[in-house]
There are 2 protein chains.
Amino acid sequence: MTEATIGASAFDRDTAVIPRGEGVFDAELSAEWTIGHAVNGGYLLALLGRALGDTLPHPDPFTITAHYLTASRPGPATVRTSTVRTGRTLSTGTASLLQRDEEGREVERIRVLASYGDLAALPDDVRTSAKPPQLPPYEHCLGAEDGMDPAAVPPITRQLDLRLDPATAGWAVGAPGGRGEMRAWFGLADGRDPDPLALLLAVDALPPTAFELGLSGWVPTVELTVHVRCRPAPGPLRVSVTTRNLAGGFLEEDAEVWDGQDRLVAQSRQLARAPLG
Amino acid sequence: MTEATIGASAFDRDTAVIPRGEGVFDAELSAEWTIGHAVNGGYLLALLGRALGDTLPHPDPFTITAHYLTASRPGPATVRTSTVRTGRTLSTGTASLLQRDEEGREVERIRVLASYGDLAALPDDVRTSAKPPQLPPYEHCLGAEDGMDPAAVPPITRQLDLRLDPATAGWAVGAPGGRGEMRAWFGLADGRDPDPLALLLAVDALPPTAFELGLSGWVPTVELTVHVRCRPAPGPLRVSVTTRNLAGGFLEEDAEVWDGQDRLVAQSRQLARAPLG
């Protein structure tokens, strides 16, 4: 397979935003990043993150929060951005994703608040106590489509090169492990290397931890916050997602993303509605 | 000491917001919640959270994110709120804290994005795997003012009933433990019981974990997100704060707040600038 380069991949094409005026962008939500009727929340965050990067004077999302208001649908969308504050090392802005409903009324899908900086300008000091997730080698992990009826494979599965740790894939064969944990190798199927925008996708790309807790069904995200801490090295990433607090009909999912140089490049937490299953 | 009731405590008085019009509130940032020149970020978030609760149809912050833009000062302030979306179980809104600078220009201090719901309406199901922090009994923990020159005790210390686990207080005697962890009993000094707004204060009330990593100096918060998961039971709370990733001049602080019934009532994460010390 020929490797796609950053800027020339399906991910870049499908997260493209076209400026239409001051803080207004046209976008097309691609059906290639869906599961059932749902457009992946990480893909949508990457698209909004790209629009904010085009709006703010700093290039990289340091901390970005999205509140998912209504269900996005594949098709045309508008992104509106605004600058809250511009500082020397950080700038802050908001973004909204909007689509038209059946009656042609504009409906807000997602509201974002984020602070951007320049990852390349950060010092190299690292005093991280966190350890990378222990994952079997890539070739010993399971493709999301393994054992699935090819006709049943959701479109987003074909966009990702996701390899699940068998130890957290029991749910897939009807034997959930009972621990709220998922671990996987993550890459883009066309070989595009990861960058900060791809990290916004990576934190929301694994199957829900709720599956390993024996639950099934949708786990709609209410809010997702991602801290991008370092520009990832080329090559596959390791992602671990854990849930420690399932209560009151909600759960949190904490994700860590590690690059090939054993650096913790992103941390995220989302609040989601627990599935009823 | 007579116990203050919810609504009639120093915390309620100092986080009060007075409606001045549609989505506009007057507030007075109290000097009683400061350390040096800095107004505590959790206190400010509680004040903004109160204004959002007055604005939105749902009473409780389920997930609230604050970006700290410029340094707040004790004195008059304005809060502006806006409703993003109103749903059946959740509503989403924004809030801004504004103050006048020396030239009388309005400067934004904090921007907030939050989704509110009704904690009392949540089912009682709990499948939490997280365990409460192991803390010595309250009477065996250290008051923040223990061994301090009374004249040097910051004002906020007098507002809180904070008791640090001696195992995470080595920094206070010049012997930091080297682990990015803080644990403490948390209460309000006037005996007011905790509620969801007080949880927004509790997650940012402990000394910085960076102190136990041997660093000193300010640890300014860039962004703080709090998930309130349960209405806390009356009585003291247990708070644990951990840092796993100190790199590139930034660090994260993850806080968990547990109530007297061993329920994980709040989870938070903040991105902060690492002290230079």
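Note that this is a predicted model, so its numbers are computed, not measured.
- Most heavy-atom pairs under 4.5 Å with chain A, from the set Glu252(B), Glu108(B), Lys131(B): that is Glu252(B).
- One N or O on the side chain of Tyr68(A) and one on the backbone of Gly41(A) form a donor-acceptor pair closer than 3.5 Å.
- Here Met182(B) contributes atom CE and Glu212(B) contributes atom CD; the two are 5.0 Å apart, rounded to the nearest 0.5 Å.
- With chain A as the partner, the residue from Arg263(B), Arg179(B), His227(B) showing the most heavy-atom pairs under 4.5 Å is His227(B).
- Interface summary for chain B: among Leu246(A), Leu122(A), Leu69(A), the most heavy-atom pairs under 4.5 angstrom belong to Leu246(A).
- Contacts of Ala114(B) with chain A are made by backbone atoms alone, with heavy-atom separations under 4.5 Å and no side-chain atom involved.
- Under the 4.0 Å criterion applied to side-chain N and carboxylate O atoms, Asp262(A) and Arg238(A) are assigned as salt-bridge partners.
- Only the side chain of Glu256(A) comes within contact range of chain B, with heavy atoms under 4.5 Å apart.
- Using a 3.5 Å distance cut-off with no hydrogens or angles, the side chains of Thr209(A) and Glu253(A) do pair a donor with an acceptor.
- Of the listed residues (Gly87(B), Ser129(B), Cys230(B), Ala121(B)), the one with the most heavy-atom contacts under 4.5 Å to chain A is Ser129(B).
- Heavy-atom distances place the side chain of Arg85(A), and not its backbone, under 4.5 Å from chain B.
- Under a 4.0 Å N-O distance rule, the pair Asp60(A)/Arg231(A) qualifies as a salt bridge.
- Interface residue Thr63(A): backbone and side-chain heavy atoms are both found under 4.5 Å from chain B.
- Interface residue Gln270(A): only backbone heavy atoms are found under 4.5 Å from chain B.
- No donor-acceptor contact under 3.5 angstrom links the side chains of Thr94(B) and Arg111(A), judged on distance only.
- Taking the six-membered ring for Trp and thresholds of 30 and 60 degrees, Trp171(B) and Phe211(B) have ring planes inclined between 30 and 60 degrees apart.
- For the atom pair CG (Asn245(B)) and OG1 (Thr242(B)), the distance works out to 11.5 Å, reported to the nearest 0.5 Å.
- Interface residue Arg269(A): backbone and side-chain heavy atoms are both found under 4.5 Å from chain B.
- Each of Ser96(A), Ala274(A), Ala247(A) has some count of heavy-atom pairs under 4.5 Å with chain B, and the biggest count is that of Ala247(A).
- With chain B as the partner, the residue from Gly248(A), Gly180(A), Pro123(A) showing the most heavy-atom pairs under 4.5 Å is Gly248(A).
- For Thr86(A), no part sits under 4.5 Å from any heavy atom of chain B, backbone or side chain.
- Counted by atom type alone, His67(A) and Thr92(B) present zero donor-acceptor pairs between their side chains at under 3.5 Å.
- At a 4.5 Å heavy-atom cutoff, Leu119(A) makes no contact with chain B through either its backbone or its side chain.
- Heavy-atom pairs under 4.5 Å with chain B were tallied for Thr225(A), Asp254(A), Thr243(A); the largest tally goes to Thr225(A).
- Listed for the Asp204(A) side chain is a donor-acceptor partner under 3.5 Å among the backbone atoms of Gly42(A).
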